[in-house]
Structure formats: structure tokens, C-alpha cells
Amino acid sequence: MTTRPSTPFLAMLTLLAAIAGEPGDLSAQQMNGASLVGKKVITKKGTVLKVEGKVVYDEGRGESLKQGLDRSKFHIYKVRKAREGEVWLSTGDVTAQGWTSVSNIVPLDATIADNDEATRETLFNDRNPVIRALVWQALGKVDEALADCEAAIRLEPPEDRKFAYFVRGQIRAEQRLYNEAVEDCTEAIQLDPRYVEAYVNRGAIRIRSGSYDHALGDFNKAIEIDPRSTCAYYNRGVVWTKRKEYDRAFADYDQAVQLDPAYALARCGRGGAWARRGEYDRALPDLDEAIRLDPDLANAYKYRGVIWHDKQKFSKAADDFGKAIELDPSRADFFTWRSSAWFGIKEYGKAVEDGTRAIQINPNDASMYYGRATIWNLLGEHGEAIADLTRAIEINPDLKSSRLCRGITRIAMDDLAAAAGDFGHVIGDDPSSPSAFYYRAVAAFEQGHFDLAIEDVDKAMAFGRSHAATYRLRGDAWYAKWDYEKAIANLDYAAGQDPLDHEALDGLAWILATATDERVRDGGRAVESATRACQLTDWKNPEHLATLAASFAEVRDFENAVKRQQAAIDLTEDPPTQELRRERLALYAARQPFHVDPGPRGAHDVMSPGERRASLTAFVNKAILSEHERARREATAGEIIRRADRENTATKAPWVDHAAALFKP
């Protein structure tokens, strides 16, 4: 009859001795430490871990020479690095890490390998199902792990049952069965009211379910029982951080790091808290050190990536998010963040790929479809964008940004009535939305409803949207109504408000050069404005060149008028528009200026349907980029990282995550 160990820890030692055997039993591959880097392993009884020659953990005595390490916890290590005859092991959670002989370790996947019947028989004959459950858990065999936990709960004495409840609680938490996981931890605490790790685990589960007050109670109790519990201090710091009580958070993180300077999670948490405060120079050293201590800490890469992203160092951000994805490809938020980084460096194809992967992981998050639609639009795939935005609205009808973006996209597709309907829906929900009024004004203008356009622009301005493009739109509408004075006033103001607004400069020059009312025309000023518009567009915009040609014709410089008009024709790809501009060229060659009444759309030049469609697409791309940039500026680092903090939850990319504020002034 087998004598049963009295504690889970001794049971673990018995199991490991049975599995590992003697050093001579190891295969040649197992003896090669370099081949094991990155793999999970277990250690044999008597294993000693050393740092700089000093023993820091002694498996033989079953105790850590540092404080705060649960002595009954079954340790599964990861091999971080190797040197001749030795490997560096780390548990990846608290303090058990250091160098040991390669002969002391056994790869975890060799303990219950499906094709290793001899090892399986040895393990299953051992009467310690709760320890075996931990091995199953580490190997991702959830059903087997739960079965062994339940067997232990039925058969083990109280001392071992509490450990079985604890382990089952961990497994259920990983499955997001938070209520059941809390119940298991509570059962463990009832069996042992001083079970510190059970309090810590229950508190950590309550953090994930949003029960912060109850979580604080658990961590306070754990610290009361064991004032040196680094895990309790770290997790309590997490709660304070989520509640934005940063001074308390720093105090707890500091205490955890003081108790154990090698505690990577505490440094990661403290780095995240500094980042929330916008103190990146203090955040980055903590995150760098966390990664050095635990190269597999995915969240540390994520948080550091978010900082790089907020600093607009998108390539570095993409690298960090990529590393996080390597470590945990099941996290949708990692893919959405990297998608946003690709977006920042205009790698739109890669951004779509990552956005698609995030949607595959979490297909019911409206904001993910919104984010991908943004990229589809910039790729010119407006139909794909409409499909994604429609799906986002189906999932979350209250996401105002989805309707706004769909309306903008419909402008690009010349579906103006439907676009106005989307903007009207937003206005119905939010009568003070300046962007909805502005974009509805654009749709009205393009349909030739100039009075409605002016009315909506006035409302957009009243609610705070008073940037240059808004004045430019109102100027174009007044020009279409033949009110030169108001048109010039608005376009002049727009150009003065934003000296880089080449469209306002072009519109102003066009009226000054071509108006039928000679009291309005000012050829010299027209040449000045049109020249500046061409300079801002690197002399590659055919419409601006045509305006400059008309301006030169107005001051009777027909040589330059012919030269610039020919350049405009050379850059024009649309045949009907080329023909119209050739007619103008002949006029200048005959030494005659060009004067024109406002057209039915108030256009600066005559455009074919194809060119007009291209113009609308350019407008949409600029609008999307403008809204994205404004959202990025408004989003504080604290808000970004707070939302990135949700473990195993789809975190929204910045232009998606701040959808509620996206279209506010």
C-alpha cells in the first residue's frame, strides 16, 4: 500500500521523483540545454536555483530563501536561456528563478506525452490527482485537469482538498467562469481561513469580473495574514490603478518590488500606472525591466507598444505588439493594437490583415468592424467599408461613429441621399453633433441643395466645428448661389485660419480670376493665392494648375497661362476633362481671359463624373484621416492604457476605442 504524503508540496515531490528518475535517464536532447530554451519544464527533487553563485531556491527543502513565495505551489518553469551544462529557469510569476544544472530538469511535454505510454503509466499510477491536474493545466488539457481536480475533491483529505479547490478555481478563471472560480476559492478558504494564495487568487478573479471592492477585501486579508505577500501587494495595486487612485497604486507596487526586485508583474503594473499619468520617462524603465526579468510577459510588450503608439513611433509599437502576439496569439486586443500601428505608418494592407484576425477572434465587437472599415476606406474599398460599418451598427446601434463613418463612405460612393440619412440619424440622437451637421452639409452641397448646406454649416459652427474646411464649404455654397462677397469672405477666412489649406486658396483664386463681376476680380491676388495652392501640392494638382492658368490670363500673362493650362492637361487622366481644358487652352492661346458664372455645383472647374467621383473619394480619405488624427490628439495615454488593460478582452484601437469622442470638436 502506498503511503500518502501529508501535504500537496510533498505530494508534488513524490510525483516529480517518480517522473524524473535519475540524471542518467535523461535523453541526449534533454541534456542539450540550448534546445530547451523557451520550453516548459519541471525539476527533480533536490534541485537548487542559483543567482550569481548564491542559492535563491532549494527544492530539496521546499522553501525559497526569499519571502512571499507559496511553498506549496507546484512550480512549472520555463527555460529562459542556457549556457554550458546549465539553464536559467523562471516560474514567470513571483520569485523562483535562477541557474541550475540541465540534468535537474525534464521537459513538461515529456511527462504526459500521448506517445509515451510508460511515462503516462507511471504518472497515472501516482495517487496525487491534484498535482497531475496542474500538469494537465500547463499542457492545455482543461478537461483532464478538471477531472483530476474533481477526483481530488472527492477523495483527498482536507489538507489536499483545499489545494484541489484552489487549482480548479484557477482553471475555471481561465475559462472566464468567474462565479464558479470564486466559489472554488471560497471553498478553499473555508477549509483553511489562512490560505493566503486563495485570497489572492479570489481577489484577482474578482478584478477580472469588475468586483473591485470585494477584490480589495481579499487582498487586505491576504496582507493581514502575510505582510510580505508580494502577489497581494501587486494585485491591490492593480485595483487602485483601475480606480485611478494612483498614489495608492504606486505605494503597493513599490512595496511588491521592494520585497522582490525580480517580480516582473509588479514592475509591469507600475510601468502601466506611470503611463496612465503620462509620465512615459518613468514608465518605460519599469516596462523594460519587466521584459528583461520575464521575456514572456505579453502585457509588458503591449503596454510599451501603447506608449510608442501614443508617441507616434509606430514601427516600434508594431514590433512590441508583434512580440505580444507571438506570446499569445489568442488575444484580439494585440491584433487591433498592431493594426493601429500599421495604420500609423500607412501599411494599410497589413492593418486590414490584423483587423481581420482580431474580428475572427472576437466577431461580436462592433468597434473592430468600425476600425477595419476605416482602413478599407483608405484603400478605396468603399463597398467593404459599408459592409463592415453596417455590421457594426447591427451589433451596436448606439455607436454613433459607425453611422457617421458610413455616411462619409456613402459620400465617396455618390450615394448622397443615403449619406444624409445616416447623418440625420445621428442628429436625431444627438442634436448638438457638429460633425453630423457638417457632413450632412457636404451631402446637401453635392446634391445642389445650397441653402440646406449653408443652414447645416451654420449649425455645425454654432456647436463648435469652426475649422477652415467648414468655412471653405460655406464659401463654396455661397459661390454656387452667386454671392461673391460672402463666398470670398468665407474662403479668405479659411485660408487665413489654415495657411496650408490649398483648397481654400484655390477656391479664392478661382473667384478672383474668373468672376463675371469685374468689381470682384483681382488678378494679382488670384495669381498669389493660386501659386501658393500649387506649391502646397507640389505642382501636381491639375485643378490648382488650371486655376493658376486662369489667374495668369486675368493679368494678361497669357504665356504663363498657356504653360500652366498645358501642365494641367498633362496631369489630367479623364478624357472628357482633358477636352474641356483644351478648349480653355485655346482661349488663352487666343489671348483671352476666362470668366464664368458659378456652376450648378459651385465647382471651381468643370469636372466629368469620373473626376468628380475621384474628388469625393479624396475628400472622404482626408475626412477619415482628419477625424482619426483629432481622436488621437484627444485621447490621453491614461485612457488608452486603461482600456488596453482588459485581459483577454478585445481592446479597441485608438481611432475605434474613442469612438464616443471621435466626432466632437
Side-chain angles (χ1 to χ4, degrees), residues 442 445-446 467-480 484-515 520-574 577-578 580-581 584-585 587-588 593-596 598-599 601-608 611-612 614-623 625-626:
V442 173
F445 178 85
E446 292 298 330
H467 51 57
T470 314
Y471 281 94
R472 174 167 24 94
L473 176 60
R474 190 165 66 177
D476 286 343
W478 281 120
Y479 171 61
Y484 295 128
E485 183 179 354
K486 290 181 179 178
I488 290 173
N490 277 273
L491 292 169
D492 198 17
Y493 185 85
Q497 188 180 37
D498 181 3
L500 301 181
D501 189 342
H502 57 90
E503 292 178 327
L505 289 165
D506 178 82
L508 180 62
W510 181 258
I511 298 174
L512 294 173
T514 68
V520 172
R521 294 197 302 273
D522 185 339
R525 191 178 173 204
V527 169
E528 181 182 345
S529 293
T531 299
R532 180 59 179 153
C534 289
Q535 291 172 339
L536 289 171
T537 53
D538 200 23
W539 300 90
K540 293 179 180 179
N541 186 307
E543 187 176 349
H544 294 354
L545 287 166
T547 299
L548 181 57
S551 301
F552 276 125
E554 178 60 23
V555 296
R556 303 305 190 266
D557 185 349
F558 294 109
E559 180 179 352
N560 270 318
V562 169
K563 176 182 176 182
R564 297 306 180 186
Q565 188 71 5
Q566 184 60 58
I569 293 169
D570 292 341
L571 290 172
T572 302
E573 297 180 357
D574 184 65
T577 307
Q578 284 183 331
L580 291 169
R581 286 178 177 161
R584 190 93 42 81
L585 179 64
L587 190 68
Y588 301 151
F594 176 71
H595 300 150
V596 63
R601 295 191 310 276
H604 298 159
D605 204 350
V606 180
M607 293 189 293
S608 69
E611 192 174 43
R612 178 169 172 269
S615 176
L616 290 177
T617 299
F619 163 79
V620 167
N621 289 348
K622 185 174 182 180
L625 287 172
S626 175

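Everything numeric here is computed off the predicted structure, so don't read it as measured data.
We find the CZ-CD1 distance between R521 and I511 to be 13.0 Å, quoted to the nearest 0.5 Å. The CG atom of N541 sits 7.0 Å away from atom CG of D506, with the distance rounded to the nearest 0.5 Å. Remark: L548 CG to N560 CG distance equals 7.5 Å, nearest 0.5 Å. For the atom pair L512 CG and I488 CD1, the distance stands at 5.0 Å (nearest 0.5 Å). Taken to the nearest 0.5 Å, the CD atom of Q566 stands 5.5 Å off from the CG atom of L585. To the nearest 0.5 Å, atoms CZ (F445) and CG (D476) are separated by 4.5 Å.
A donor-acceptor pair under 3.5 Å links the side-chain atoms of Q565 to the main chain of R581, judged by distance alone. With hydrogens and angles disregarded, a donor-acceptor distance shorter than 3.5 Å links the side chain of T547 to the backbone of E543.
Surrounding CD of Q497 are more than 12 heavy atoms belonging to other residues, nucleotides or ligands, all under 6.0 Å away. E485 CD: 12 or fewer foreign heavy atoms inside a 6.0 Å radius.
Contacts classified as ring-ring contact (aromatic ring centres under 6.0 Å, His included) and involving residues 520-548 (residues at least two apart or in different chains) are given here: H502-H544.
Side-chain atoms of F558 and F552, non-hydrogen and from C-beta on, never get closer than 4.5 Å to each other. Proximity of H595 to E554: side-chain heavy atoms (C-beta onward) are separated by under 4.5 Å at one or more points. L545 has its side chain within reach of C534: a pair of non-hydrogen atoms, C-beta onward, lies under 4.5 Å apart. The shortest distance between side-chain heavy atoms of R532 and L500 falls below 4.5 Å.
A546 and W510 make their closest contact through O-CZ3, 4.5 Å (heavy atoms, listed as atom of the first residue, atom of the second, distance). Closest heavy-atom contact between A526 and A509: O-CB, 3.4 Å. Shown here for L508 and L491, the closest heavy-atom pair between the two residues is N-CD1, 3.8 Å. The two residues V520 and A515 make their nearest non-hydrogen contact at CG1-CB, 4.0 Å. T537 and A533 get closest at one heavy-atom pair: OG1-O, 2.9 Å. When all heavy atoms of A468 and D501 are compared, the pair lying nearest together is CB-OD2, 3.6 Å.
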CA sep, side-chain torsions, deciding dist, call: D492, R525, side-chain contact (heavy atoms from CB on, under 4.5 Å): CA-CA 11 Å; D492 198 17; R525 191 178 173 204; 2.8 Å; yes
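Taking the ring-ring contact (aromatic ring centres under 6.0 Å, His included) definition, one finds that Y471 meets it with Y493, sequence neighbours left out. Legend: residues meeting salt bridge (Lys or Arg N to Asp or Glu O under 4.0 Å) with R564, ordered by chain and number and at least two apart, are absent.
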